[in-house]
J.: 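Dumping the structure here so I can ask a few things about it.
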Amino acid sequence: MDKRTFTILLLVLLSAITTGQDKVKNPILLDKSVLSGVGLKKIDLKDEPEKDFYQKRLYRGNDISIYVVSTETWNNKFENFWFDEFIYMYHGEAIIKPKHGKAQLFHSNDYFFAPKGYTGEWEIKAGKHLHYELSVITTKRADSTIISENLTHELFDKSVLSGAHIQLDKNRKFTQTLRKGVELTISLKAEEPSLSKIKDTKEILIQLLSGMVTIKTSDNTETTFYSGDFFIIPEKMIGTWKSKGHGLIKYLTIEKTSSINN
């Protein structure tokens, strides 16, 4: 083998190694400064340019997209709301007044779900300040003709999230679907401290409610998450999941509903 041929083969080998390394997927911690309301960008709304509206995209994947959204006190009317939305309210209140049904009030530190197809009023109250919230939607819309049978906003009950009712199965795991919408599915999961494999996963947003999780990916990168952290498991990530805690490790998952077509 001459020197030139050897050099070409070496470059091809190095390129293959680099390509393989590029394919390694690691979990992604959502930016805590943005979740704290820092660095949000003002957006000019065509229909209401006088309104103070801010937004920052934290993540856009094949399945889900994640934003922090902020506005002044504001009242909107919706006819057939465009998408399912998972919301965690950091500051302010939301008053939901459906065309049919009872009004609902959501506060700071509430988790709630807004269904695709909702019709009615949606008022944001922040006094003389700005509200802000974490918003999760699917990146692609479901068929526009598909509307949820349940058009009621849903508060995720803190007594349920507290986990006193949890009973582990024979594998020492627990899963409870809190809401399955047309586009998004939200679940509460729990387990005893354990080590398990991650392979060919869906794209999932997780909020760790209690305990600690260390994820080690195929390139031996280790990332540790703690109670309160929001993080993303990318699609088809390969690695291990090691959970630790005082008793139960408990977390929320937000993912695309399986029935949505790509």
J.: Run the side-chain hydrogen bond (donor to acceptor under 3.5 Å, both in side chains) check on H165 and Q176 step by step: do they pass?
T.: CA-CA 11 Å; H165 69 295; Q176 178 181 353; 2.7 Å; yes

J.: Check for me, please, whether Y111 and F174 land in the same ILVMFWY cluster - side-chain distances under 4.5 Å, paths through other members count.
T.: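 Cluster IDs for Y111 and F174 match.
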
J.: Verify side-chain hydrogen bond (donor to acceptor under 3.5 Å, both in side chains) between N62 and E203, making sure each step is shown before the conclusion.
T.: CA-CA 8 Å; N62 289 328; E203 186 175 76; 5.5 Å; no

J.: Backbone N or O of I64 within a donor-acceptor pair of the T139 side chain at under 3.5 Å?
T.: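 A pair under 3.5 Å: yes.
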
J.: Using atom types as modelled and distance alone, determine if a side-chain donor or acceptor of S218 lies under 3.5 Å from a backbone N or O of G239.
T.: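 Not at all, since once roles are kept as given, no pair shorter than 3.5 Å links the two residues.
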
J.: Kindly indicate, with the supporting measurements, whether the criterion ring-ring contact (aromatic ring centres under 6.0 Å, His included) is fulfilled by H153 and Y118.
T.: CA-CA 8 Å; H153 282 59; Y118 167 76; 4.6 Å; yes

J.: Give the intermediate values and the outcome of side-chain contact (heavy atoms from CB on, under 4.5 Å) for residues I28 and Y59.
T.: CA-CA 9 Å; I28 302 164; Y59 177 80; 3.8 Å; yes

J.: Between E183 and R141, is there a salt bridge with N-O shorter than 4.0 Å?
T.: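 Yes, this pair counts.
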
J.: Is it true that Y226 and L161 fall in one hydrophobic cluster, defined by side-chain heavy atoms closer than 4.5 Å?
T.: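 No, no single cluster joins them.
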
J.: Applying the 4.5 Å side-chain criterion to the ILVMFWY set and letting contacts propagate, would L252 and L155 be lumped into a single cluster?
T.: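 As far as the 4.5 Å side-chain criterion goes, L155 and L252 are not connected within one cluster.
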
J.: How about L58 and V68: do any of their side-chain heavy atoms sit closer than 4.5 Å?
T.: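 L58 vs V68: side chains touch.
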
J.: Distance from E85 atom CD to S135 atom OG, nearest 0.5 Å?
T.: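 It is 3.5 Å, given to the nearest 0.5 Å.
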
J.: Using a strict threshold of under 4.0 Å (side-chain N to carboxylate O), is an ion pair present between R179 and D84?
T.: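 Between R179 and D84 there is no salt bridge, as every charged N stays at least 4.0 Å from the carboxylate O atoms.
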
J.: Could you measure the distance from the CD1 atom of I137 to the CG atom of L184? Nearest 0.5 Å is fine.
T.: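 Here the interatomic distance stands at 8.5 Å.
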
J.: Is the shortest side-chain N to carboxylate O distance from E255 to K202 below 4.0 Å?
T.: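 Yes.
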
J.: Give a yes or no on whether K199 atom NZ has more than 12 heavy-atom contacts from other residues, nucleotides or ligands under 6.0 Å away.
T.: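 For K199, atom NZ is not crowded (no more than 12 foreign heavy atoms under 6.0 Å).
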
J.: Please step through ring-ring contact (aromatic ring centres under 6.0 Å, His included) for the pair F225 and F231, ending with a clear verdict.
T.: CA-CA 8 Å; F225 303 99; F231 62 96; 3.9 Å; yes

J.: Salt bridge check: are K32 and D229 linked by an N-O gap of less than 4.0 Å?
T.: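 A salt bridge links K32 with D229.
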
J.: Before you tell me yes or no, could you show the steps for I249 and E192 under side-chain contact (heavy atoms from CB on, under 4.5 Å), namely the whole-Å CA-CA distance, both residues' side-chain angles and the distance that decides it to 0.1 Å?
T.: CA-CA 6 Å; I249 291 80; E192 289 183 343; over 6 Å; no

J.: Test your reading of the model: is there a side-chain donor-acceptor pair from T138 to the backbone of K140, 3.5 Å cut-off?
T.: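 Pair found, side chain donor or acceptor close to backbone of K140.
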
J.: Quick check on the hydrophobic clustering: are I186 and I204 connected, directly or via other members, by side-chain heavy-atom contacts under 4.5 Å?
T.: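 Cluster IDs for I186 and I204 differ.
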
J.: Please say yes or no: joined through hydrophobic side-chain contacts below 4.5 Å, possibly via intermediate residues, are Y132 and L134 part of one cluster?
T.: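 In one cluster: yes.
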
